[in-house]
Amino acid sequence: MSFRQKLMVLSTRVISDNSFLLQHQNEISVRNYHKISQLESYVRDECKLGRIRKLEDGLRYFDQLILERPLPSNDTFCHVLSSLSKIKCYSEVIGLCKKMSLAGVEPNIYILSILINCCCQLDKIDHGFCLLGEIIKRGYQPNVITFTTLIKGLCLQDKIDFAFKVFDKMTQMGIQPNVVTCTTLISRLCRIGKVGPALQLKNKMLQWNCRPDVVSYIVLIDTLCKGGLVDEALVLFSEMLRDSNVVPNVVVYSSLINGLCNSGRLEEAKRVFDEMVSRGISASVLSYNCMIDGHSRHGQWGEARRYFDEMMDRGVSPDTVTFSILIDSLCKDGMTKDAWGLFELMDKVNVEPNQITYNSMIDGLCLAGRLKDAVKLFDSMVDRGLQPDVISYNILIGGYCKSRKLDEAVQLFKKMKRNGLKPTIVTYNTLLAGLYRDGRMKTSKNLLIEMQSFGLSPNIVTYSTMLDGYCKNGYIEKAIELFKSLEGTGISADIGIYNILICGFSRAGKLEDARELFNEIPRKGLVPDVVTYTTMIDGLFRSKMLLEAKKLIIEMEEKGCLPNAITYNTIITGFLIAKETDKALQFLVNMRGKEFIPSDSVVSLLTHSLSANELKKLIGKAGPALQLKNQMLKWNCRPNVVSYTVLIDTLCKGGLVDEALVLFSEMLTDSNVVPDVVVYSSLINGLCNSGRLNEAKRVFNKMVSRGISANVISYNCMIDGLCRHGQWEEARRYFDEMMDRGVSPDTVTFSILIDAHCKDGMTEDACGLFELMGKLNIKPDLFTYSSMIDGLCLTGRLQDAVKLFDSMVEEGLEPDVVSCNILIDGYCKNRKLDEAMQLFKKMKQNGLQPTTVTYSMLLAGLFRDGRVKTAESFFSEMQSFGPSPDEITYVTMLDGYCKNGFREKAIQLFESIEGTGILVSVEMYSVLVPGR
């Protein structure tokens with residue numbers, strides 16, 4: 001018999017048995033009437049007071065009741081069964097009903113309704129319908145509670161269509177649904193995303209003489225908010241406020257606040273929050289969590305912290321979710337130290353971190369390069385009774401890979417599988433990226449085969465990782481094959497994949513292939529982005545195709561693709577190398593106008609390419625800025641401390657220190673402006689950079705005498721100036737003074753001292769300072785490591801330099817071109833050419849572009865070792881794919897040929913210089929003369 005047929009039969013029985021009910025009503029009421037015993041009265045009271053909290057309590061009362069004579073009334077048994085049902089002892093309730101039946105207790109409609117509920121909760125909905133038949137068979141009329149119970153059971157099994165059929169049959173039989181019936185259906189509709197039908201049902205409730213209650217509104221508003229329909233939720237909330245029978249509670253307000261925060265409408269969220277509090281509704285931990293989460297995700301740390309402090313002040317204890325939100329957001333914004341402080345606070349306030357908290361903290365530590373701490377925290381999870389999940393393993397595997405600890409990453413991967421966790425596509429992609437970065441091509445191939453054997457198909461990230469790995473390791477042909485094979489996988493190449501290939505082709509000297517791919521992009525329905533244009537422009541500049549590069553720059557602007565800092569750095573570098581200084585300066589001005597900062601390599605190139613006067617004119621364009629400052633008085637506004645600070649700092653950085661001092665004197669005469677430590681530091685730095693140390697000291701002392709405390713920047717300026725001019729005692733005095741005054745030295749302070757000591761051959765003192773950094777918990781940066789490695793190389797301590805280079809990587813710092821150049825030079829000077837060449841290859845694999853300095857150092861080392869042919873091949877590679885040889889490169893080549901007895905080759909090379917745009921220098925002649 002079908003479901004629809006069952007319903008028809010049941011409804012017919014209900015109608016036909018109405019007469020039976022009327023005839024026997026009196027008989028039933030007489031049968032159920034008897035005097036209540038003392039035991040029954042006690043049991044009923046216990047049930048009403050909710051004191052049956054365990055199965056044993058209910059069973060004890062039931063066993064006593066079943067032995068009573070005469071047997072207690074059904075009503076008393078109902079109390080016990082209902083209480084056990086409330087504590088979810090569904091199977092036991094069914095068993096007790098069987099015992100009642102054997103003892104001669106006939107179930108009434110209430111007991112049968114309880115049984116229907118138990119069957120529904122146990123996913124035995126068919127048994128529930130059989131019991132409905134039993135109700136009708138016994139002459140009882142099913143009521144709204146009976147049907148609502150069945151509807152709930154159907155909803156629990158996600159049989160929403162059947163639930164509505166029962167609902168329709170119920171109304172056809174003249175049984176009016178109540179608010180519980182409607183809310184049950186509304187909740188299920190919302191759960192499966194059918195908010196439209198749910199709203200329609202809510203609007204129909206009045207025709208059945210029932211009104212939506214607070215639960216109905218909460219379910220609907222929460223669903224609308226989670227679906228991003230916040231405006232619709234606000235309209236419904238306004239309707240709720242107009243309904244005098246419904247009082248909004250903290251739950252509905254929290255749903256609205258969460259929806260507004262997720263939509264980035266923080267100001268509106270604040271207004272709703274404040275309105276809730278003004279209505280006398282106390283904010284819950286959920287409300288605060290929503291506000292904290294919203295502000296954290298939008299970088300408004302001050303506001304997030306204010307709500308956190310407020311909840312603590314109002315006695316609302318933060319929970320695991322609160323801390324997890326804050327820790328995750330802080331870690332993602334690089335504020336790992338603050339996140340760790342909160343993690344430690346959790347212990348102090350007895351809030352247990354969960355898996356999400358640990359994962360966020362481990363990820364933050366990995367991102368900050370604190371891999372050892374991340375591993376320690378990962379291990380401590382188990383001690384707290386938490387088993388790391390796939391996400392935990394993925395995070396730590398990623399940390400190992402980024403720190404170049406591939407063996408540890410692979411070991412953790414194996415451990416993960418031993419513990420019964422199935423690696424995901426993210427796990428494999430992370431490991432593949434690490435293996436390619438380390439040049440382990442065979443291992444990555446085996447890992448890919450394993451991944452596919454476990455039923456995981458490569459996704460677009462996998463293919464991007466593989467293509468990038470092939471390109472950076474020099475396997476361009478394999479990259480092309482893989483790219484062509486994409487068509488048969490059902491995965492469409494995105495702009496990211498095109499960018500990877502264009503970059504790979506450009507770096508490999510296959511510019512025509514790169515251009516072909518670039519031209520293919522629009523035909524595939526894709527739009528080149530800023531990375532695509534920047535990569536192509538870089539390739540064109542490298543191939544000395546200036547005209548094409550200029551055309552592409554114009555096309556980029558016309559297509560509305562805005563250049564970023566990397567684009568500007570690429571263009572400026574290209575024009576400077578091509579000796580088109582005016583063009584480079586034009587783009588530099590545009591770059592500064594958009595508040596992008598030139599990279600260190602661009603600044604260095606500018607310094608070498610431009611004259612001192614050109615640099616002074618260029619830096620900051622102080623002239624027009626000064627004119628604007630003077631114009632301010634005509635507009636009835638006066639320059640403030642910020643205006644003066646910017647101008648003085650710009651003048652000092654441009655070498656115009658006397659002009660800066662004049663402006664500073666003007667600032668002192670302005671009663672509305674009080675100089676601060678920032679402006680003094682700018683002046684001190686300018687004077688030190690100009691070698692005017694005594695004047696710098698006077699300005700420093702004047703600042704202190706005015707009651708302005710020197711900060712770490714002020715001390716760093718003084719220490720740097722004194723170190724660069726060999727005044728070690730004075731530099732040490734300022735260092736000791738800052739420590740005595742409670743001004744903590746930072747990474748810059750130590751880097752200045754270490755660099756200066758190393759350059760003056762005082763490597764032992766530099767090592768002492770480097771060790772002191774560790775004791776003071778001050779993390780060295782890339783510059784600190786590079787200075788220290790250089791110092792060790794200069795004093796012949798190559799092994800120590802290599803060890804320090806490796807430890808830098810372990811600490812999560814990626815070596816840059818400068819640090820690689822330093823160690824390559826160290827290897828070359830110690831005649832370890834093979835190690836130097838290996839580091840050179842690894843440098844390119846890691847995406848670092850060797851500079852002219854890199855090539856020149858390696859050429860010098862190769863000639864010194866007599867490897868003339870290798871040097872010649874290397875020089876040809878440089879001319880084809882690398883940076884253009886400069887004067888130093890040619891001097892190195894000429895010197896190498898002469899010292900190795902290849903005088904004719906030296907002369908030929910010398911004669912070829914004329915067409916390169918490089919001027920023949922005195923040094924070149926001095927190298928050649930002994931060779932003649």
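Model, not experiment: these values are computed from the prediction.
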Contact check, side chains of [X] and [Y], non-hydrogen atoms, under 4.5 Å:
X	Y	result
Ser83	Tyr61	no
Ile136	Pro142	yes
Ile460	Ile497	yes
Ile109	Leu112	no
Val180	Lys152	yes
Pro248	Leu241	yes
Leu199	Leu236	yes

Under 6.0 Å between ring centres, would you say that holds for [X] and [Y]?
X	Y	value
Tyr307	Trp301	no
Phe454	Tyr428	no
Phe162	Phe129	no
Tyr253	Phe237	yes

Counting only heavy atoms not in [X] (residues, nucleotides, ligands), do more than 12 fall under 6.0 Å from its [atom1]?
X	atom1	result
Glu487	CD	no
Tyr110	OH	no
Leu266	CG	yes
Ile391	CD1	no
Lys202	NZ	yes
Arg306	CZ	yes
Ile521	CD1	yes

side-chain contact (heavy atoms from CB on, under 4.5 Å) between His79 and Val43, worked out:
CA-CA 8 Å; His79 276 77; Val43 170; 5.6 Å; no
Has the side chain of [X] got a donor or acceptor atom that lies under 3.5 Å from a matching backbone atom of [Y]?
X	Y	answer
Thr76	Pro72	no
Asn262	Asn258	yes
Gln176	Asn209	no
Gln157	Asp123	yes
Asn74	Ile111	no
Ser187	Thr183	yes
Asp309	Met312	no
Asp494	Gly496	yes
Ser101	Cys97	no
Asp363	Asn359	no

In terms of side-chain geometry, is the basic nitrogen of [X] or [Y] positioned less than 4.0 Å from the acidic oxygen of its partner?
X	Y	value
Arg265	Asp231	yes
Glu275	Arg271	no
Asp57	Arg51	no
Lys165	Asp161	no
Glu267	Lys270	yes

Supply the atom-to-atom distance [X] [atom1] to [Y] [atom2], rounded to the nearest 0.5 angstrom.
X	Y	atom1	atom2	answer
His295	Cys261	NE2	SG	6.5 Å
Ile125	Cys120	CD1	SG	3.5 Å
Ser216	Met205	OG	CE	4.5 Å
Asn178	Thr148	CG	OG1	5.0 Å
Met381	Asn354	CE	CG	9.0 Å
Ser296	Arg305	OG	CZ	10.5 Å

Any chance the side chains of [X] and [Y] put a donor and an acceptor closer than 3.5 Å?
X	Y	value
Asn459	Thr462	yes
Asn117	Thr149	no
Asp213	Asn245	no
Thr424	Thr427	yes
Glu239	Tyr217	yes

With side-chain contact (heavy atoms from CB on, under 4.5 Å) as the test, would you mind laying out the steps for Leu81 and Lys86 before giving the verdict?
CA-CA 9 Å; Leu81 296 175; Lys86 284 174 184 174; over 6 Å; no
Over all atoms of both residues, closest heavy-atom pair of [X] and [Y]:
X	Y	answer
Leu386	Pro353	CD1-O, 3.5 Å
Thr357	Ser324	OG1-OG, 2.6 Å
Ser255	Ile221	CB-CG2, 4.4 Å
Ile52	Cys47	CD1-SG, 3.5 Å
Pro212	Asp243	O-OD2, 4.3 Å
Met170	Pro177	CE-CB, 3.5 Å

Just to verify, which of Phe308, Tyr288, Tyr358 counts as forming a ring-ring contact (aromatic ring centres under 6.0 Å, His included) with Phe323?
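With Phe323 as partner, ring-ring contact (aromatic ring centres under 6.0 Å, His included) holds for just one option, Phe308.
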Would you sort out whether Asp75 and Arg44 count as a salt bridge (charged side-chain N to carboxylate O under 4.0 Å, His left out), showing the intermediate values?
CA-CA 9 Å; Asp75 191 38; Arg44 288 187 184 191; 3.2 Å; yes
Trace of the side-chain contact (heavy atoms from CB on, under 4.5 Å) decision for Ile160 with Cys155
CA-CA 6 Å; Ile160 190 70; Cys155 286; 4.1 Å; yes
With respect to Ile151, which candidate in Leu156, Thr181, Thr146 satisfies the side chain to side chain contact (heavy atoms under 4.5 Å, CB included) definition?
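Among Leu156, Thr181, Thr146, the one meeting side chain to side chain contact (heavy atoms under 4.5 Å, CB included) with Ile151 is Thr181.
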Audit row: Ser91, Ile94, side-chain contact (heavy atoms from CB on, under 4.5 Å) steps and yes/no
CA-CA 5 Å; Ser91 298; Ile94 293 170; 5.7 Å; no
